[in-house]
Amino acid sequence: MISDNVRVRFAPSPTGYLHVGGLRTALYNYLFAKANNGTFVLRIEDTDQNRYVEGAVENLINTLNWVGLSYDEGPEKEGNYGPYFQSQRLDIYKKYALELVEKGKAYYAFDTPERLQELREKQIAEKLQPKYDKADLDLSPEEVKQKLDNGEPYVIRLNVVPGLRVTVNDKIRGLVEFSTDTVDDQILIKSDGYPTYHLANVVDDHLMKITHVIRGEEWLPSTPKHVLLYDYLGWEKPEFAHLPLLLNPDKSKLSKRQGDVAVEDYKAKGYLKEALINFVALLGWNAGDEKEFYQLEELISSFSLERVHKAGAVFNLEKLDWLNFEHLRNKPENEVLEMLKSELKASVYSDKEFTDEYLLKVIEAMRERVNFAKDFINNSPYFFEEPTSYDETVVSKRWKEDSPVLLKKLSDEFEALDNPTKEDYETALKKVAESESAGVGKLIHPLRLAVSGVGGGPGVYDILVIIGKEKTISRINKAIAEIKP
RNA sequence: GGCCCCAUCGUCUAAUGGUUAGGACACCGCCCUUUCACGGCGGCAAUAGGGGUUCGAAUCCCCUUGGGGUCACCA
């Protein structure tokens, strides 16, 4: 342990939105920090000027807030190790880059992009690994000074000595070994004066006293560069933990091409943050028992890095849907009410008024039948307007020749009822069935069709109570007039 | 192609030398319900292959195969 105080960071590049893979990384960092009484830092890796996207940082922070992963230090939450935007730390990186040059661990290079391009193409043609040829390592101090004084564009490169072994002790993968023969003389400072990720993340992790670097597996191949940097700078290394990748159904790295990858896409589709967190937590980790339904707090208390496993995980929507259903079912009534109200506001029924009492009844009746809040509307529009059409297959199956007559009798019977309850409706229906010597099914199914337009849903009597006697009767009449078998 | 990582049902995973290889999602069937769900019960379905080590291997080792990641003045 390099520090008693666990400090981890989530260090996204602000390229527009939060990727679900990024969400998983952020979550594991968050859980690890919280489980160990540590600090969760958010650092913005904006060292690529070409990839600047307007509003991306705000968006990122908003999304993080939405899912409930609040950071302890970061933008707008300055701690003792800021600033937390790498673009505001340029002089710091420059200082350490120069220190490395001083030590002979890095050097100036003045190649043109064209020469590098040619070099790479040649190497590829010869089936060699594309690598810098260390051409400018031979420049004398005088030559370097000369070029610098002339204002020639330059970069600073890491001076990797070939023939050595570099080991990374990964918390998840164990000991991983690399040969420096395969490590390129990575550019540390670009010609625009900005650092590359490799320098910036090492410098920042050290300065920000990060104890555990928890990041995606795609970083594993460049970790030897980072290890070398720590060594050359004489710094103690943090622990590394490379997380398994999130995968497309075809097992390739989760990508935009094969579906939604932005957290906000899932939010827009109506997924609950609880479900998303729960789902993503289980992609690569489990507590060792059979529990699958988790709230964020429960994840904190059961999470451990040791139980993160190695293989990538396919991002499988069916399970997400199920978890969404479970979490929706678990929500307090008043929260679901608010969700339904905002769905209504955004629906074709936005101009209609419904009382909370009414909506609560709808929720009670439909809860076990919806996966998303919007399904209250999609699956049972009949609670918000009278049927505009009648499901054809149900009509052909349930609407018989005598249905109009029977329903007329039924509606007459309902008419006589005073403020009917569920039981009153049921009694009335049975009475008609008996007097007409018809099975109750001959009434129940056409009745359901008449009031709802469809064949499924809550119990018919529940529907009747919710919509009320008046609407029940008018819908029956409408159905008698309109349904043609 | 070089380097690196990985490998249990379709998918997410449990089993860290001894289990009829367990659970969940999805799917199918039955029950409940004169509907649809929920729920209950049951079913289908996996240790990639080959060698070792061991009394005993999903588990440890090696090879093969397969998949993936990565090889930028992007992160």
Side-chain angles (χ1 to χ4, degrees), chain A residues 11-15 45-51 86 109 111-113 116-117 120 123-124 126-132 153-157 168 170 172-174 176-179 181-184 186-198 200-201 215-224 242 244-245 247 249-253 279 282-293 309-323 325 329 365-370 379-380 394 398 439-445 447-449 452 454-460 463:
Chain A
S13 175
T15 51
E45 310 242 332
D46 54 350
T47 55
D48 186 354
Q49 296 183 93
N50 301 320
R51 292 223 283 178
Q86 291 187 327
D111 309 271
T112 61
L116 294 176
Q117 177 70 22
R120 188 173 307 118
Q123 288 166 330
I124 289 171
E126 291 171 18
K127 295 196 192 295
L128 293 169
Q129 181 198 0
K131 258 176 83 176
Y132 183 58
Y154 69 91
V155 299
I156 295 178
R157 283 181 181 271
V168 178
D170 190 273
I172 295 170
R173 277 146 230 288
V176 183
E177 217 177 26
F178 300 86
S179 161
D181 291 350
T182 63
V183 180
D184 198 5
Q186 183 64 48
I187 289 180
L188 268 16
I189 298 286
K190 298 181 265 188
S191 59
D192 63 3
Y194 278 63
T196 54
Y197 168 86
H198 307 284
N201 104 88
R215 82 232 295 196
E217 196 194 340
E218 69 267 29
W219 292 109
L220 192 51
S222 54
T223 306
H242 288 94
L245 259 19
L247 274 22
D250 72 356
K251 307 261 188 185
S252 58
K253 187 163 117 178
F279 175 58
L282 260 16
L283 254 25
W285 170 87
N286 77 89
D289 52 24
E290 287 176 353
K291 184 174 166 66
E292 299 210 81
F293 182 85
H309 70 166
K310 301 172 179 179
V314 172
F315 195 84
N316 170 253
L317 281 324
E318 281 162 347
K319 196 137 187 178
L320 210 208
D321 286 348
W322 171 71
L323 279 169
F325 167 72
R329 209 147 70 121
M366 290 299 293
R367 257 214 178 192
E368 313 277 278
R369 290 163 235 269
V370 300
N379 296 1
S380 54
V394 181
R398 307 293 197 185
V440 288
K442 294 275 280 180
L443 285 161
I444 287 180
H445 298 298
L447 171 61
R448 170 185 294 284
L449 182 64
S452 75
V454 294
V460 228
I463 298 178

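The chains referred to below are lettered A, B, ... by the order of the sequence lines, with proteins before strands, and numbering in each begins at 1. All values derive from a computational prediction rather than experimental measurement.
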Side chain of A:Trp322 - closest among B:rC12, B:rA26, B:rC3
B:rA26
When rounded to the nearest Å, what value does the distance between C1' atoms of B:rG69 and B:rU53 take?
32 Å
Quick note, A:Arg448 side chain, CB onward, closest among B:rA75, B:rG39, B:rU35 is B:rU35
Going by an N to O cut-off under 4.0 Å, is there a salt bridge joining A:Glu292 and A:Lys319?
yes
According to a strict under-4.0 Å criterion, is A:Thr47 in side-chain N/O contact with OP1 or OP2 of B:rA75?
yes
For B:rC9, give the paired nucleotide (Watson-Crick: N1-N3 plus N6-O4 or O6-N4; G-U: N1-O2 and O6-N3; both under 3.5 Å), or none.
none
Side-chain N or O of A:Arg215 closer than 4.0 Å to phosphate OP1/OP2 of B:rG69
no
Given RNA chain B, 5'-ward residue of the pair A:Pro195 and A:Leu128, judged by closest heavy atom:
A:Leu128
Using a 4.0 Å heavy-atom cut-off across all strands, classify A:Leu116 as base, sugar-phosphate, or nothing.
base
note: A:Met366, atom CE; B:rC36, atom C1'; distance rounded to Å ~ 9 Å
A:His445 side-chain proximity, nearest of B:rA75, B:rG68, B:rU35:
B:rU35
Below the 4.0 Å mark, does B:rU13 have OP1 or OP2 next to a side-chain nitrogen or oxygen of A:His309?
yes
Which nucleotide in the set B:rC12, B:rG69, B:rU35 lies at the smallest distance from any side-chain heavy atom of A:Lys251?
B:rC12
Please give, in whole Å, the distance from B:rC4 C1' to A:Gln129 CD?
11 Å
No-H, no-angle donor-acceptor pair, A:Lys319 side chain to B:rA24 base, under 3.5 Å
yes
B:rG10, B:rC73, B:rU35: which one has an atom nearest the side-chain heavy atoms of A:Glu318?
B:rG10
Does the base of B:rC3 carry an N or O that pairs as donor and acceptor with the side chain of A:Thr182 under 3.5 Å?
no
Report the distance from atom CD1 of A:Ile172 to atom P of B:rC5, rounded to the nearest whole Å.
14 Å
Just the rounded figure in Å: distance from P of B:rA7 to CD of A:Glu217.
10 Å
So what does A:Gly284 touch, heavy atoms closer than 4.0 Å: a base, only the sugar-phosphate, or nothing?
sugar-phosphate
Let me confirm one number: the NE2-CZ distance from A:His242 to A:Arg215, rounded to the nearest 0.5 Å.
4.0 Å
Looking only at B:rG67, B:rG69, B:rC74, the nucleotide nearest the A:Arg51 side chain is B:rC74
Using the P atom in both, what is the distance from B:rG51 to B:rA45, to the nearest Å?
26 Å
Could you tell me if A:Tyr197 and A:Asp48 have a donor-acceptor pair between their side chains, going purely by distance under 3.5 Å?
no
Kindly point out which of B:rG23, B:rG68, B:rC12 is positioned nearest to the side chain of A:Val314?
B:rC12
Residue A:Val155, side-chain atoms from C-beta onward, closest of B:rU13, B:rG23, B:rC73
B:rC73
Among the candidates B:rC71, B:rC12, B:rU70, find the nucleotide nearest to the side-chain atoms of A:Pro130.
B:rC71
Note: for A:Gln86 and A:Glu177 on RNA chain B, the residue whose nearest nucleotide lies more 5' is A:Glu177
Closest to the A:Asn286 side chain, choosing from B:rU13, B:rA37, B:rC74
B:rU13
With no hydrogens and no angle check, do the side chains of A:Asp192 and A:Gln49 hold a donor and an acceptor under 3.5 Å apart?
yes
Would you give the length of the straight line joining atom OH of A:Tyr194 to atom CG of A:Asp46, rounded to the nearest 0.5 angstrom?
7.5 Å
Please work out if A:His242 contacts a base, only the sugar-phosphate, or nothing of the nucleic acid, heavy-atom cut-off 4.0 Å.
nothing
Spacing between A:Asn316 atom CG and B:rC25 atom P, to the nearest angstrom
12 Å
Assign A:Phe178 to base, sugar-phosphate, or nothing according to its heavy-atom contacts below 4.0 angstrom with the strands shown.
sugar-phosphate
With a 4.0 Å cut-off on heavy atoms, is A:Leu220 in touch with a base, just the backbone sugar-phosphate, or nothing at all?
sugar-phosphate
Indicate, with a heavy-atom threshold strictly under 4.0 Å, whether A:Asp111 touches base, sugar-phosphate, or nothing.
base
